[in-house]
Amino acid sequence: MNDRAVRFVVVGGWVLALVAGCSSLPSVGPDYERPEFTVPKYDMPDAGQPTSNLTATCEYSPAKDTEDQRLEITKGVVDQWWRRFNDPVLNRLVEGGVSNNVGYLRAKMRLEQSNWELLGSYAAFRPHFVGAGDWGRNWYHKFTSGGGGNRTHYNAQSVALDGQWELDIFGGNRRLSEAAFAEAEAAGWTLDDAWVSLTMQIGIQYINLRTTQELIGVARTNLVLQSETYDILKSRLDSGIGDELAVNQCAYVVEQTRARIPTLLAEEESYKNTLAILAGEMPGSLDDELAPVPVRRDWLLAPQKVGELKLDMMRARPDVRAAERALAAQTARIGAAKAQWFPKLFINGAVGWEAKQHHRFFSTDSFFATLGPSISWPIFQGGAIYANVKATEAKMYEKALDYEEAIQNAYREVRDAYSAYTQEYHRYQALAMAVKAATDAVAISKDLYKNGLKDFNNVLDAQRSRLEFEEQFALSRGQITSNLIALYRALGGGLAVDKLDE
C-alpha cells in the first residue's frame, strides 16, 4: 500500500469515527415537552331528559338521574356516527366525499408535500457531491533576455467530483429534521380534521335537505286541506248561503301557504347541489338519489348524554393534535436557530483529472484527490442570528398560545353543542304539544263556525297556527339531529380516543 492510500485509510477512519461521535452529541436548543394544563371539572350544560312534569316557572322538568333513560355517548358511539342512522344514501355520500371531495383531496396534497419536505430534510445528514468539468485555451507571452519573446499557448482540461459532508456537531440539522417530522405529523392531523369537518358538513346538510323536504310535505298537506275548506266556502257562497268575507279570508290563507312552497323548493335544490359538491360530484348528478323518500322515515335517534369530559379526550381531537405538533415543530426550530452561533465542520473532498495535454488526460500523473476538514464560524453578523433566535422563540410562544386556545375552543364546542342538543329536546316537546293543540283547535273552530257560534276568523287563526307549529316541529326534529352531529364532531368526530396515545 502506497503512502497516498495509507493517508486515505487513516483520514477515512477518522471521519467515520467523528461522524459516529457527532450523532450522539446533544443538540442545542430546548427539548420539546408537551405543555400540561390543569382544567377544573365543571358540570356539563345538560338540560336533562324532559318529562311531563313542570317546574315552578312552568317549564318541563328534567328527569331525575335514576329515571334518565338516555344512552351515554362513548368513543364507540362517535366512531363512524353516520352509520347509526341506517341510511344507505347518507353512507354513500360520506364515502364519496372522502374519496372525491376537492377540499379533502387538497388536504391530502398538503400532507404529501409535508412528507416530501420531511424526506428532503434528511439530505442534510448525507454527503453532497457535485460533478464539474472545464476546458480552456490559454495564451501567454514568453520574454527573452534580448527583449524579444514569443507567444505560446496551451490547452487545459479537467474533470472532477467535488464532495462535502457537514458534521452536525451542534445539532442544527437534527433540529430541522425534528421540525419537519413534527410538521408532517401536524399535516396528518390536519387531514384528519378535514375528514371530521367534511363528514359533519355532509351529515348536517343531508339532515337539512330531508327536513326541507318534510317542510314541503307539510306545506302541501296543509295547502290541500285549506283548498278543500275554500272550495266548500266558495260553493256555499255560489249557492247564496255563504259568507263572502270568509271566502276571501280563506283565499288569502290558501295563497299564503301556496307561496311558501317555491321558496322551500329552491332551498331543496340548494341543499342537493351542496351535497353533490361535498360528495365530489357535479351539481345535479345526485338528484335522483336525493329525491324525497317515498316512505316517511325518522332520522331522530334516541336521546343521548355526555358523561365526564376528560382533558385527554379533548387533546385527542385532530385539530388540537395538529396545534400541538405545530408547537413541537417551532420548538425544534429554536435549536436550529441557535446552532447558527456555533462553528460548522465539514469534510471536503475531490477526485478527478487535470492535464494540459489531452492525450495525457487520464494518465496517472493527471489524477488528483483531496480529502480534509474545513470549518466555518460566523464571527460577526450584526446581531442577525440573535434577532432570528428571539423571533423564533416568540413564534414558539405564539404556537403555545395557539395550542392552549385549541383546547379552550374544544371545550367550548362540546359545551355549546351539548347545551343546544339537550335544550332542543325541551323545545321539541313543547312544539309537539302545540301541534296537537293546534290540530284540535282547527277541528273545534270548524264545528263552531258550521253551527254559527263563531266567525271564520277562528278557523283561519287555527289553520295558520297549525301550519306554523307543524313547520317549527319539523325544524326542531332536524335541529336535534344536526346538534347531535355537531356534538359528535366536537367530541372528535370518530377520531378522538379515551386516552391520548403518548
Quick one: are [X] and [Y] in side-chain contact, heavy atoms under 4.5 Å?
X	Y	result
Ile216	Arg220	yes
Ile232	Thr229	no
Met313	Glu308	no
Thr211	Trp299	no
Leu327	Met396	yes
Leu209	Glu268	yes
Val78	Lys75	no
Leu453	Asp447	no

Using a strict threshold of under 4.0 Å (side-chain N to carboxylate O), is an ion pair present between [Y] and [X]?
X	Y	result
Asp461	Lys454	no
Arg92	Glu95	no
Glu269	Lys272	no
Lys395	Glu398	no
Asp31	Arg175	yes
Asp68	Arg70	yes

Sorted by chain and number, sequence neighbours left out, side-chain contact (heavy atoms from CB on, under 4.5 Å) with Arg84 holds for Val77, Leu301, Gln304, Tyr488
**OP:** Test side chain to side chain contact (heavy atoms under 4.5 Å, CB included) on Leu484 and Trp81 and set out the steps.
**Re:** CA-CA 10 Å; Leu484 179 60; Trp81 54 262; over 6 Å; no
Roughly how far, to the nearest 0.5 Å, is the [atom2] atom of [Y] from the [atom1] atom of [X]?
X	Y	atom1	atom2	result
Ile485	Gln205	CD1	CD	10.0 Å
Gln256	Leu223	CD	CG	11.5 Å
Tyr230	Leu237	OH	CG	8.5 Å
Leu275	Ile204	CG	CD1	11.5 Å
Gln213	Leu290	CD	CG	7.5 Å
Thr422	Glu424	OG1	CD	10.0 Å

Minimum-distance pair of heavy atoms, taken over all atoms of [X] and [Y]:
X	Y	answer
Ala276	Met282	CB-O, 3.7 Å
Glu214	Arg477	OE2-CD, 4.5 Å
Ala410	Val320	CB-CG2, 4.2 Å
Glu281	Ser285	CB-OG, 3.3 Å
Leu233	Ala246	CD1-O, 3.9 Å
Leu215	Ala474	CD2-CB, 3.8 Å

Taking the side chain from [X] and the backbone from [Y], do they hold a donor-acceptor pair closer than 3.5 Å?
X	Y	result
Tyr418	Met44	no
Asn388	Ala337	no
Ser239	Ser235	yes
Thr221	Gly217	yes
Arg317	Ala490	yes
Ser197	Asp193	yes
His426	Pro62	no
Arg260	Ala219	no
Glu324	Arg34	no
Ser476	Gln472	no

[atom1] of [X]: more than 12 outside heavy atoms within 6.0 angstrom?
X	atom1	answer
Asn53	CG	yes
Tyr42	OH	no
Asp238	CG	yes
Glu67	CD	yes
Tyr386	OH	no

Are [X] and [Y] close enough that a side-chain donor and a side-chain acceptor fall under 3.5 Å?
X	Y	result
Gln463	Arg466	no
Glu413	Asn409	no
Gln226	Thr257	yes

Legend entry - Residues Phe181, Glu185; criterion side chain to side chain contact (heavy atoms under 4.5 Å, CB included); working and verdict: CA-CA 6 Å; Phe181 185 79; Glu185 289 183 310; 3.5 Å; yes
**Request:** Could you check Leu93 against Leu286 for side chain to side chain contact (heavy atoms under 4.5 Å, CB included), going step by step and ending with a plain yes or no?
**Result:** CA-CA 10 Å; Leu93 288 173; Leu286 301 179; 3.8 Å; yes
Any idea how Tyr428 and Phe473 line up, ring-wise: parallel (<30°), tilted (30 to 60°), or perpendicular (>60°)? parallel
Please verify the inter-ring angle class for Trp195 with Trp82; under 30° counts as parallel, over 60° as perpendicular, anything in between as tilted. perpendicular
* **side chain to side chain contact (heavy atoms under 4.5 Å, CB included) between Phe456 and Leu245, intermediate numbers included** => CA-CA 9 Å; Phe456 195 68; Leu245 176 60; over 6 Å; no
**OP:** Verify salt bridge (charged side-chain N to carboxylate O under 4.0 Å, His left out) between Arg412 and Glu405, making sure each step is shown before the conclusion.
**Re:** CA-CA 10 Å; Arg412 175 186 58 81; Glu405 185 179 41; over 6 Å; no
The single option from Glu471, Glu470, Glu468 that satisfies side chain to side chain donor-acceptor pair (under 3.5 Å) with Asn222 is Glu470
Under the criterion salt bridge (charged side-chain N to carboxylate O under 4.0 Å, His left out), I'd like the reasoning laid out for Asp231 against Lys234: C-alpha separation, chi angles, the key distance, then a yes or no.
CA-CA 5 Å; Asp231 292 339; Lys234 184 68 167 58; over 6 Å; no
